[in-house]
Amino acid sequence: MLQRNRGNRRIKLSIITVPLFILPLFCWLTISLYNPLTNHRNNNYGMAFLRSRWERFRLLLSKPNTKISKILNNSEVTEGDIIVLIMGEANKFQNWFEDLKDIYNPNLYLVFASLDTEVVVSENANTIINDNKNENHINNHFLDYHTIYIPGKSWTEGRNALAAEALKKERLRGKEFSYWFFLDDDVEPICHPATDKVYGARCSCWQKVFNFLTSEAVPEKASTVVLPSYLKDGFVATSNVNGYNAAIKRNHVPYLLPYATLQPGFSEWISQAANMCIIGSCMANSVVFVPLIYSSNTKDLHSSGLGYTIDNIHSTIVESFHDTNNNFTPCNDWDGMKYYSEGEFSGLRYQLLGPFSSSEELNQHMSYTNTSYCSVPLHNRFTRWEETFLPLLPDPFSLRPKIEDDITVKNRHDKNIVVMVMGDSSSFQAWKERLQDIVGVNLTFLFAYCDAEVTISPNNSNSGSDRRLNFQALYINKQTWTEGRNLLAGEALRTEKLQGKEFDYWLFIDDDVEPVCHAGSEKILGTGSCWQQIFNFVSGDTVPEKASTIALPLFVKDGYASTSSADAIFAAFKRESVPYLIPYATLLKGSDEGISQAANICIMSTCLPNSGVYIPYVTANNIKSLSHTREGFSIQIIHATITLNYHNATKNFIPCHDWDTIA
């Protein structure tokens, strides 16, 4: 009887207990099936959330210690300018103003975009700004703000409207910001107690965020800095993040902006998925989390998965980013949602890099931006978007005193330039006619061809006292790009000896180069065709004295800029620099032709650093651009080529022997 009663009790207990365990499971399954995000935020999201919840609990209740011994000190904090771009409800503006007005470093400029109604700015806010201006707080203080009203805009459209405002502000002030910092209006940073130790005590949590942004602790290879959704006790990077906050380094803005254009019915989250694609393809794991500070985001705009499908993502990326002319088709084989899952909430280890105890250690494991694959198509895209605003923007050169309005004509003396072009014989006539129209400079034209013979008609011969162009056509049978350039260089040297004087410039141009003069170029470079404007600049006196080379950039420069690693499609070498940079390196069998330019970059960086000056307001299209397959283009072959051509142990000249990456 007792046994039976026990058994009955056991049976009753089972009947009661089992449903108690099944009920939560049933509820969880119901919610999961109903949740539109289940298809791309699976159980890994839940596991990561629970892990992050536990980490916050453990760390916030522990002593304020961390495995990060130091992030920054005063010597590592640099002055900078950051534009803060916030979109949200109008009534949030005052809170943001109060949060940011006391930031003492860096200089801040706030743009607030309201979606619901226009912002009403308090008298107190205007008083504070005016006081700052009257006291000349130009450095280390909150600078200024303005508001815009964007009714009916989506999240993506609003972000792009804010980006346009950042661009306008840069034009007005005549210089770029260090970061474009996008924030949703409900972002709130939460600082771990250990931040007092590593960021500095007695300052607000927002001040600590900006301390990090302006410090040397941000890894060099970072493209973006973000506040994580859960605390990071170390330096961590990823490619995939939620877009509710993103401080984009200014030099990476042309890669990542504008946000992708979305089709009707597409989820707003797709614009951020497209961003993940570009970062993953061009600068993988370059989004760095701020250590020991995380953020809450109560409204999370991406809570709906409606319209968020792999097909919609793919079509958006194709429409917004693919450029078949430049063989740029990122994420063409990303066929599953796993590629677009947030790194913080993914169960895939490769989507997070770290944690490391120092930024230097993280930086060592990060990759440089893949400029050879991504720069041209993405910068072209940014330039096209930028030019839609140019008519609305003030003339930057009227506000930038370092650029003179008459740089082309002032004190210009006729220069002697040898122009060397190598290509198909069919392009000879077009080049000759193009150069014959150039005035104000003495040109000698050397054209090298390797196919059919160039026919020169008697009317176009080099005879006659009124000729405006000396030219010569050279047949070079089966020569490579590098060999052809060196043959042209030899002919330039022979011509100098015959005429008894040196040219002012040796100008090498690929035969398919087409310059594009952008709005404002005539005011800076003078009138005439785009080629005329280029020669105006080359022959003018405003070319920097220390320049070794003049180059055409692939994306527009609205001021003076220089580099050590310009593209070789257009290279005007000052004659005194020729013995340093010519002849081009002799290549090993099977080497990619790009290696001769890589060797040139090595020599310029070592001996004439940052002496390649870009022509302002002009870019180059290079239709046949050698899109190197990179077979035969490796760091080992580059190093062997430089060693063979340039190393001289007896003179202790071993340039670039420690350059160990393609970057």
side-chain hydrogen bond (donor to acceptor under 3.5 Å, both in side chains) filter on E157, not counting sequence neighbours, yields S154

**Prompt:** Within the distance-only criterion (no hydrogens, no angle test), does the side chain of K557 pair as donor or acceptor with the backbone N or O of P616 below 3.5 angstrom?
**Reply:** no

**Item:** Under 3.5 Å donor-acceptor, N245 side chain and L227 backbone
**Value:** yes

Residues at least two apart in sequence or cross-chain that pass side-chain contact (heavy atoms from CB on, under 4.5 Å) with L115, listed by chain then number, are M87, I150, K153

For a side-chain hydrogen bond (donor to acceptor under 3.5 Å, both in side chains) check, start with the C-alpha distance between H252 and T369, then their side-chain angles and the critical distance, and finish with the verdict. CA-CA 9 Å; H252 279 79; T369 299; 2.9 Å; yes

Sequence neighbours excluded, the answer for ring pair (Phe, Tyr, Trp, His ring centres under 6.0 Å) partners of F555 is H379

For residues 272-284, the salt bridge (charged side-chain N to carboxylate O under 4.0 Å, His left out) pairs (sequence neighbours left out) are none

(Q) Counting C-beta onward and ignoring hydrogens, is there a side-chain heavy-atom pair between F93 and T147 closer than 4.5 Å? (A) yes

Notebook entry, point to check: Taking atom types as modelled, is there a side-chain donor on S426 or Y449 under 3.5 Å from an acceptor on the other?
Noted result: no

Across all chains, not counting sequence neighbours, the side-chain hydrogen bond (donor to acceptor under 3.5 Å, both in side chains) partners of S295 are Y244

For T316, the side-chain contact (heavy atoms from CB on, under 4.5 Å) test, sequence neighbours excluded, returns A260, L262, F266, I270, S320

side-chain contact (heavy atoms from CB on, under 4.5 Å) filter on P377, not counting sequence neighbours, yields D323, N326, F328

| query | Can you tell me if E268 uses its side chain to pair, donor with acceptor, with the backbone of T156 under 3.5 Å? | reply | yes

Taking the ring of F112 and the ring of H146, is the distance between their centroids below 6.0 Å?
no

Paired with E386, the salt bridge (Lys or Arg N to Asp or Glu O under 4.0 Å) test is passed by just one of R381, K168, R171, namely R171

- Is any side-chain heavy atom of L525 closer than 4.5 Å to a side-chain heavy atom of I615? yes

Heavy atoms, side chains only, cut-off 4.5 Å: are D311 and S315 in contact?
-> no

Residues passing the side-chain hydrogen bond (donor to acceptor under 3.5 Å, both in side chains) test with S565, sequence neighbours excluded, are T563

Under 3.5 Å donor-acceptor, S591 side chain and L587 backbone: no

Q. Passes side-chain hydrogen bond (donor to acceptor under 3.5 Å, both in side chains), N327 versus T329? Steps please.
A. CA-CA 6 Å; N327 197 29; T329 56; 5.2 Å; no

Taken to the nearest 0.5 Å, the spacing of C282 SG from Y373 OH works out to 7.0 Å

Test item: W180 side-chain N/O and V253 main-chain N/O as donor-acceptor pair under 3.5 Å:
no

Centres of the Y584 and W481 rings: under 6.0 Å?
yes

*Aromatic ring proximity, centroids under 6.0 angstrom, Y294 and F289*: no

- Message: Does any part of the side chain of E220, heavy atoms only, come nearer than 4.5 Å to the side chain of M366, both counted from C-beta?
- Response: no

Worksheet item: Can a donor-acceptor pair be found between the side chains of D184 and W155 at a distance below 3.5 Å?
Response: yes

Compare all side-chain heavy atoms of V218 with those of F212 and state whether any distance is below 4.5 angstrom. yes

Note to self: A side-chain contact here means heavy atoms from C-beta on lying under 4.5 Å apart; do L362 and V236 qualify?
What the structure shows: no

(Q) Under a 3.5 Å threshold, yes or no: a donor from one side chain and an acceptor from the other, between S114 and D116? (A) no

Residue set satisfying side-chain hydrogen bond (donor to acceptor under 3.5 Å, both in side chains) with Q263, at least two apart, ordered chain then number -> E319

### Query
If only atom types and distance count, is the side chain of E514 paired as donor or acceptor with the main-chain N or O of A620 below 3.5 Å?
no

The reported gap from CD1 in I82 to CZ in F181 (rounded to nearest 0.5 angstrom) is 7.5 Å

Here the salt bridge (charged side-chain N to carboxylate O under 4.0 Å, His left out) pairs for residues 241-263, sequence neighbours left out, are E170-R250, E176-R250

Any side-chain donor near an acceptor of the partner, W385 and N160, under 3.5 Å: no

Rounded to the nearest 0.5 angstrom, the CD1-CG distance for I569 and D512 is 7.5 Å

So does N610 get a backbone contact from the side chain of S564, meaning a donor-acceptor N/O pair under 3.5 Å?
yes

Point to revise | Check: D424 main-chain N/O paired with S427 side-chain donor or acceptor under 3.5 Å | key: yes

Any Lys/Arg nitrogen of D186 or K92 sitting under 4.0 Å from an Asp/Glu carboxylate oxygen of the other?
no

Would you say the side-chain atoms of T482 and E593 include a donor-acceptor pair closer than 3.5 Å? yes

Quiz item: Salt bridge check: are E387 and R384 linked by an N-O gap of less than 4.0 Å?
Solution: no

Return yes if a side-chain donor-acceptor contact under 3.5 Å exists between T619 and H518, otherwise no. yes

The side-chain contact (heavy atoms from CB on, under 4.5 Å) partners of A572 (sequence neighbours excluded) come to Y505, L507, I550, F570

- [ ] Taking N363 for its side chain and K221 for its backbone only, find out whether a donor-acceptor pair lies under 3.5 Å.
- [x] yes

CG of N600 to CD of Q597, rounded to nearest 0.5 Å, is 4.5 Å

In the structure I gave you, are the side-chain heavy atoms of T224 and Y179 within less than 4.5 Å of one another anywhere? no

For this session: Would you check if the side chain of S341 reaches a backbone N or O of K338 as a donor-acceptor pair within less than 3.5 Å?
Result: yes

Check: Taking the six-membered ring where the residue is Trp, are the ring centres of W334 and Y340 under 6.0 Å apart?
Finding: yes

By ring pair (Phe, Tyr, Trp, His ring centres under 6.0 Å), H322 pairs with (sequence neighbours left out) none

